[in-house]
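Note sheet for the following structure.
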Amino acid sequence: MNVRTETTPSAGDDRDILLVIHAGAGDRRKDADPERTRIAETDLARALDAGYALLEQGGDALDAVCAAIRVMEDAPEFNAGRGAALTSEGKVSMDACLMGGDGEVGSVAGLDTARHPIDVARAVKERTKHVMFARPSEELLRSWGIELRDPDYFVTQARRDSLERARRDGDAWEKHGTIGAVARDAEGHVAAGTSTGGITNQMPGRVGDTPQTGCGNYAADGVAAVSGTGIGEAFVRTVAAHQVADRIRFAGQDPREAAEAVLDDIAAHRGDGGLIVVPDHGPGVVAYNSETMNFGYATPWGRRVHA
């Protein structure tokens, strides 16, 4: 598969603040709705505004990542939070992961009542001695201050229609994938967050790459922050996000070269999708080997959204 890449504007070997986000990669459907594309671009811009404003104010990368992701989790056209993909039983099963450049990480799988799954991942990271929870109880979520919603809140008609098509026509992957954000703050720290509703018509109990640290999400100060979207099984098989960081750290590859090589590996494992990378210095990278990808970035030198 051909890999498409784009680098963010930069002043060279700089360490300026930087935020890059994604909201799914896949095939451009023949019946794509221009109005939905316009809405997606608007919500990508709102997510950038929410996260980048914190970086401009001297906020840390973790806060910026979470702020951007919360906006996208509330946007029903993206596959996370409200508007998450539905399992074969017609239910939501949401996963998320948040990792700081210091190596501290929290992740969660199988949520069906948390309005913002990224907040649950952060609670795991900051309120427990553990790394990952599966289907934490509502009592525990409330004790962490997580905002809850009835499971029906997350289900939209568009996702019901997607599930019906998958049941009727097979499990062709649609362009409404995982969301994520990677950031670098004024102190040079990086962070990565990823949130997803999984794959339409997935088997109950299936867990993809997002909550598996190093597969769909990874961050390390002095190296890079990485978030992925695509066929999760291929990202798991290749340990994609960690592999990007290792290629930068140990092989001396630049972020663009590393992302392209990992996407080639993903393709060799019957997958496609995209990666966003923010290194500890220099420009960020958006790379994908799917037909299209939703993404956006904001830097002191320019910004862009694409859906």
Side-chain angles (χ1 to χ4, degrees), residues 2-23 25 41 44-45 47-56 58-65 67-69 99-101 179-194 216-230 240-264 273-290 292-307:
N2 293 327
V3 179
R4 301 171 179 84
T5 56
E6 180 165 339
T7 57
T8 64
S10 170
D13 191 34
D14 65 87
R15 298 177 185 271
D16 286 314
I17 58 175
L18 174 59
L19 175 64
V20 185
I21 63 176
H22 69 72
E41 289 177 342
L44 286 169
L48 280 177
D49 289 342
Y52 194 70
L54 296 179
L55 294 176
E56 286 185 309
D60 64 42
L62 275 172
D63 287 340
V65 162
I69 288 178
M99 188 169 187
I179 66 171
V182 288
R184 182 176 66 219
D185 62 32
E187 299 297 319
H189 300 300
V190 297
T194 311
N217 195 79
Y218 186 73
D221 281 344
V223 186
V226 186
S227 177
T229 175
H242 194 276
Q243 187 186 155
V244 171
D246 277 355
R247 285 176 174 275
I248 295 170
R249 177 166 32 196
F250 300 119
Q253 294 182 341
D254 65 45
R256 178 171 181 163
E257 183 182 11
E260 290 175 346
V262 171
L263 284 170
D264 285 342
L275 293 160
I276 54 175
V277 185
V278 164
D280 77 317
H281 66 278
V285 172
V286 177
Y288 55 100
N289 63 358
S290 51
T292 189
M293 182 171 176
N294 296 329
F295 66 85
Y297 54 73
T299 83
W301 313 100
R303 59 185 292 145
R304 184 181 179 215
V305 296
H306 172 79

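The chain is numbered in sequence order, starting from 1. The figures here come from the full heavy-atom set of this structure, side chains too, leaving out hydrogens, waters and symmetry mates.
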Between [X] (side chain only) and [Y] (backbone N and O only), is there a donor and an acceptor less than 3.5 Å apart?
X: Asn217; Y: Ala192; result: yes
X: Asn2; Y: Asn289; result: no
X: Asp185; Y: Ala61; result: yes
X: Arg256; Y: Ala287; result: no
X: Asp16; Y: Pro300; result: no
X: Arg4; Y: Ser290; result: yes
X: Arg247; Y: Ala259; result: no

Can you see which heavy atom on [X] is nearest to which on [Y], and at what distance?
X: Val65; Y: Ala191; value: CG2-O, 3.7 Å
X: His242; Y: Arg249; value: NE2-NH2, 4.3 Å
X: Ser227; Y: Thr194; value: OG-OG1, 2.7 Å
X: Leu44; Y: Ala23; value: CD2-CB, 3.8 Å
X: Leu19; Y: Tyr52; value: CD2-N, 3.5 Å
X: Thr7; Y: Val285; value: CG2-CG2, 4.0 Å

For Phe295, ring-ring contact (aromatic ring centres under 6.0 Å, His included) partners two or more places apart: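 Checked Phe295 against ring-ring contact (aromatic ring centres under 6.0 Å, His included); matches are His306.
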Sequence-distant partners of Asp49, salt bridge (Lys or Arg N to Asp or Glu O under 4.0 Å), two or more places apart: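 Arg303.
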Checking Asp280 now: which residues fulfil salt bridge (Lys or Arg N to Asp or Glu O under 4.0 Å) with it, not counting sequence neighbours?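 Counting only residues at least two positions away or on another chain, Asp280 forms a salt bridge (Lys or Arg N to Asp or Glu O under 4.0 Å) with Arg15.
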Any chance you could lay out the side-chain contact (heavy atoms from CB on, under 4.5 Å) test for Val190 and Asp221, step after step, and finish with the verdict? CA-CA 6 Å; Val190 297; Asp221 281 344; 3.6 Å; yes
Any side-chain heavy-atom pair from Ile179 and Ile21 closer than 4.5 angstrom?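 Counting from C-beta outward, Ile179 and Ile21 never come under 4.5 Å.
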Any side-chain heavy atom of Thr229 sitting closer than 4.5 Å to one from Met293?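 Yes; the side chains approach each other to less than 4.5 Å.
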Decide whether Asp14 and Trp301 meet the rule of one side-chain donor and one side-chain acceptor closer than 3.5 Å.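 No, no side-chain donor-acceptor contact under 3.5 Å.
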Separation between [atom1] of [X] and [atom2] of [Y], rounded to the nearest 0.5 Å:
X: Gln253; Y: Glu260; atom1: CD; atom2: CD; answer: 9.5 Å
X: Asp246; Y: Tyr218; atom1: CG; atom2: OH; answer: 6.5 Å
X: His22; Y: Tyr288; atom1: NE2; atom2: OH; answer: 14.0 Å
X: Leu263; Y: Gln243; atom1: CG; atom2: CD; answer: 10.0 Å
X: Thr5; Y: Leu275; atom1: OG1; atom2: CG; answer: 11.5 Å

